Amino acid sequence: MVRNIVILSGSSHPAFVDSIASTLGVPPSSRMLAKFSCGETRCEIRDSVRGKDVYIVQSFGVGPSPSSGCRRRGDLQRVGTDGGGGGSEVEQTHTVNDYFIELCIMISACKTGSAKTITAVLPLFPYSRQPDLPFSHVGAPRVGVWHPQGHGARSGKVDYMFESVPVTPGPNVPRTAELGSAGVDVGDVMGRVASAKETQPASKGTGESGRASPVAEHRRQLTGNYTTHDYENPSLVMTLQGQKQFMAQAGSLVADLLTCAGADRVLTCDLHESAYQGFFDTPVDNLYARPLLQRYIQRKIPNYREAVIVSPDAGGAKRATAIADNLGLAFALIHKERRPPKISETPKATMMLVGNVASRVCILIDDLVDTAKTITRAANLLKREGAVQVVALLTHGVLSGEAIARINASALDRMVVTNTVPQEKHRALCPKLEVLDVSGTFAEAIRRVHHGESVSMLFQYD
Ligand SMILES: O=P(O)(O)OC[C@H]1O[C@H](OP(=O)(O)OP(=O)(O)O)[C@H](O)[C@@H]1O
């Protein structure tokens with residue numbers, strides 16, 4: 001039993017917290033989490049945290065289905081009292097953003113309750129696929145601004161345009177006819193969008209030809225659902241101007257919010273970008289699910305020495321090669337490219353296999369599966385290239401939107417994820433899904449942090 005420690009559960013994944021708590025021999029502390037009908041979060045910490053080391057566990061999977069209930073402001077929708085799961089949870093709508101604000105409020109409540117230290121334990125780190133854009137010295141995002149006819153200091157000024165499509169206009173860089181002599185100015189773009197809006201028929205947003213105008217089309221697309229990486233979605237392209245629109249990147253903001261709320265330390269697992277640790281000025285321990293995945297391969301994949309480890313995209317190549325190297329297995333890479341055939345067209349994802357998988361078992365390795373587009377396309381490609389079996393091993397099974405239907409219909413034979421995100425509902429719908437328990441790794445990491453022992457030593461001999 002670990003002493004002088006408080007384990008608190010957010011409402012996202014109470015079963016995971018119960019499992020951590022029972023490994024540590026410390027029952028989860030009592031808290032009450034609720035929502036007003038207006039959507040605001042309420043939190044009461046019911047046990048004393050004074051002078052204690054507090055660990056608040058919150059994950060970021062998609063919340064449970066909506067429930068009816070609160071009608072008036074002041075009515076509380078209880079989402080959990082007492083410690084962990086314990087059967088006291090009530091189903092209600094929760095988004096990733098609800099869980100995040102709930103976590104911040106819990107941290108802040110413990111801070112004001114005189115906790116000695118507060119560690120935010122995030123099995124899946126939210127917003128970690130949205131790293132920041134380069135910022136200027138005044139803290140403003142650096143977007144392209146070209147003022148060929150400007151005055152004074154603005155005259156001829158050219159800034160860096162992140163991933164601009166087409167290339168950033170500038171000296172000696174030919175501009176497309178569409179951009180005209182005025183070049184590209186963010187203010188100008190917004191002005192043209194606004195005036196184009198005014199000239200559109202309000203009801204249908206179609207031009208004289210009856211076809212949707214670029215602005216109406218763009219606005220229609222803006223109301224759609226996006227995934228955090230879905231560059232295939234045409235709304236991400238400023239079709240009117242031929243330039244990618246500016247997108248906010250939440251990386252350092254999320255880090256600031258957690259530390260500002262009072263977190264002294266963050267404990268997480270398989271960050272999508274390990275550089276994310278640098279957004280914090282407090283310690284961030286990034287645990288690995290790799291030992292667990294490796295053990296699964298050794299124990300559950302017959303003749304695994306003949307298998308090929310495959311990374312479904314270049315971004316995950318390092319992660320996959322680490323496993324291939326440790327187990328001495330062959331490696332193949334799928335190159336995923338999202339480029340429009342022409343600037344004016346919708347970007348399409350194309351996948352290209354580098355390596356030989358004919359007559360082999362393929363083991364796809366990635367950090368997360370969200371919409372499952374990446375992993376199912378990769379599996380289909382591998383089967384087309386002659387793979388006899390395709391197994392996917394991933395740390396975080398977010399499985400949003402149509403992911404499960406996509407997996408069930410795909411060439412994937414098996415998919416293995418950890419329980420950093422609740423998987424009960426997913427498992428009931430997806431017979432191909434297997435779940436590995438990573439709560440023991442978190443419990444051991446918490447014990448080590450609490451006793452001032454090394455966390456990286458946990459992974460030294462995997
Ligand atoms: O299930 P999906 O919705 O397809 O998303 C999963 C993919 O998204 C992430 O990578 P991303 O596409 O952000 O590219 P990167 O690895 O190059 O950062 C992740 O590493 C997966 O490959």
Side-chain angles (χ1 to χ4, degrees), residues 60-62 96 124-133 162-163 224-233 235-236 244 247-251 254 268-279 286 288-290 293 309-323 331-339 347-354 362-382 390-412 415-418 420-421 423 426 429-430 432-433:
F60 291 91
V62 182
V96 169
L124 167 60
F125 200 99
Y127 287 91
S128 59
R129 281 161 76 199
Q130 301 186 37
D132 285 3
L133 288 172
F162 195 73
E163 283 186 7
N225 289 325
Y226 308 131
T227 66
T228 43
H229 71 109
D230 207 347
Y231 288 89
E232 293 153 59
N233 195 318
S235 67
L236 299 182
K244 198 170 170 179
M247 283 171 65
Q249 310 286 310
V254 167
T268 187
C269 181
D270 280 347
L271 276 169
H272 181 64
E273 296 273 0
S274 56
Y276 211 99
Q277 287 166 277
F279 292 171
N286 185 21
Y288 303 112
R290 195 172 66 215
L293 303 183
I309 299 283
V310 185
S311 174
D313 62 12
K318 249 175 135 176
R319 217 173 282 122
T321 46
I323 292 185
F331 175 72
L333 172 75
I334 293 173
H335 177 60
K336 181 172 72 179
E337 203 172 64
R338 298 188 185 100
R339 260 190 216 176
K348 285 203 170 66
T350 51
M351 288 185 138
M352 208 173 13
L353 177 69
V354 184
C362 288
I363 305 170
L364 280 161
I365 303 284
D366 210 346
D367 62 327
L368 68 93
V369 48
D370 182 0
T371 62
K373 284 182 185 171
T374 304
I375 211 75
T376 53
R377 281 177 188 158
N380 295 345
L381 174 66
L382 292 172
V390 183
V391 181
L393 267 65
L394 310 113
T395 307
H396 309 294
V398 179
L399 300 174
S400 69
E402 301 301 311
I404 290 186
R406 218 165 262 139
I407 291 163
N408 286 339
S410 77
L412 258 180
M415 191 166 88
V416 183
V417 297
T418 75
T420 55
V421 170
Q423 296 298 333
H426 299 158
L429 297 168
C430 184
K432 297 179 182 180
L433 189 65

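The analysis underlying the following values was restricted to heavy atoms, covering all of them including side chains, and did not include hydrogens, waters or symmetry mates. All values derive from a computational prediction rather than experimental measurement. Whatever order the structure lists ligands and atoms in, that order sets their numbers, starting from 1.
Residue-ligand proximity: I375 is placed with every non-hydrogen atom at 4.0 Å or more from ligand 1. Taking a 4.0 Å cut-off on heavy atoms, P312 fails to register as neighbouring ligand 1.
Not counting sequence neighbours, the partners of A411 by the side chain to side chain contact (heavy atoms under 4.5 Å, CB included) test are N380, K383. Listed by chain and residue number, A372, L399 satisfy the side chain to side chain contact (heavy atoms under 4.5 Å, CB included) test with A403 (two or more places apart in sequence, or in another chain).
Within the 4.0 Å heavy-atom criterion, both parts of T371, backbone and side chain, lie near ligand 1.
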Inset, instruction - Assess whether side-chain contact (heavy atoms from CB on, under 4.5 Å) is satisfied between Y276 and N286, documenting all intermediate values. - result: CA-CA 10 Å; Y276 211 99; N286 185 21; over 6 Å; no

Legend entry - Working for salt bridge (charged side-chain N to carboxylate O under 4.0 Å, His left out), residues R319 and D270: CA-CA 9 Å; R319 217 173 282 122; D270 280 347; 5.7 Å; no

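Under a 4.0 Å criterion applied to the non-hydrogen atoms of V369, ligand 1 contributes the atoms 1 (O). Atoms of ligand 1 lying under 4.0 Å from at least one heavy atom of D367, given by number and element, are 19 (C), 20 (O).
Taking only nitrogen or oxygen atoms, main chain and side chain alike, D313 reaches within less than 3.5 Å of ligand 1. Considering backbone and side-chain atoms alike, E273 places every N or O at 3.5 Å or more from each N or O of ligand 1.
Note: S274 OG to Y288 OH = 7.0 Å, rounded to the nearest 0.5 Å. M415 contributes atom CE, which lies 8.5 Å from atom OG of S410 (distance to the nearest 0.5 angstrom).
The heavy atom nearest to atom 21 (C) of ligand 1, out of those in T374, I334, D366, is found in D366.
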